[in-house]
Chemist: 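Here you go, one structure.
The shown structure was predicted, so the numbers you read here are calculated from the model rather than taken from an experiment. In what follows, every heavy atom counts, from backbone to side chain, and hydrogens, waters and symmetry copies are set aside.
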Amino acid sequence: VHSFYLPQAVYFSTGSVSPSEAYHYGLALRQYTHFTSPIRRYADCIVHRLLMASLGDQEEKSKVLSCKEVDEVAEHINSRHSASKSAQEQSVKLFQNLYFQQLA
């Protein structure tokens with residue numbers, strides 16, 4: 001049995017990375033985007049705006065961020081996601097320790 005490490009998925013602007021960096025390993029796709037309801041995540045709102053603007057929606061074109069702005073937003077979202085995961089892991093450890101202290 002072989003196992004290997006897959007890096008954590010991150011948000012990024014395709015305009016600022018090489019095509020090889022945008023490759024989706026698991027799906028074997030050269031280009032890939034994923035989004036859900038724009039109510040759920042700001043990153044999804046950005047993707048929806050870009051999609052609507054590319055389809056000719058003039059109102060959405062005025063809301064489209066520059067590549068640099070998308071890079072900054074992606075970096076911020078990724079750092080907040082990382083901090084959230086860390087807080088969750090620390091919370092689990094804390095409450096596990098408290099639980100086991102009560103058993104002792």
Chemist: Can you measure from CG (Leu94) to CD (Gln96) and round to the nearest 0.5 angstrom?
Modeler: 10.0 Å

Chemist: Can Tyr42 be reached from Leu50 by stepping across I, L, V, M, F, W or Y side chains whose heavy atoms are under 4.5 Å apart?
Modeler: yes

Chemist: Using 0.5 Å steps for rounding, measure from the CD1 atom of Ile46 to the CG atom of Leu51.
Modeler: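 Answer rounded to 0.5 Å: 13.5 Å.
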
Chemist: Sequence neighbours left out, cut at 3.5 Å: what donor-acceptor pairs do the side chains of residues 61-78 make with other protein atoms?
Modeler:
residue, atom, partner, partner atom, Å
Ser62, OG, Glu59, O, 2.6
Ser66, OG, Glu69, N, 3.1
Ser66, OG, Glu69, OE1, 3.3
Glu69, OE1, Ser66, N, 2.7
Asp71, OD1, Ser16, OG, 2.7
Asp71, OD2, Ser16, OG, 3.4
Asn78, OD1, Tyr11, N, 2.9
Asn78, ND2, Tyr11, O, 2.8
Asn78, ND2, Ala74, O, 3.0

Chemist: Run Gln90 and Ser86 through side chain to side chain donor-acceptor pair (under 3.5 Å) and show every step you take.
Modeler: CA-CA 6 Å; Gln90 291 175 27; Ser86 177; 3.0 Å; yes

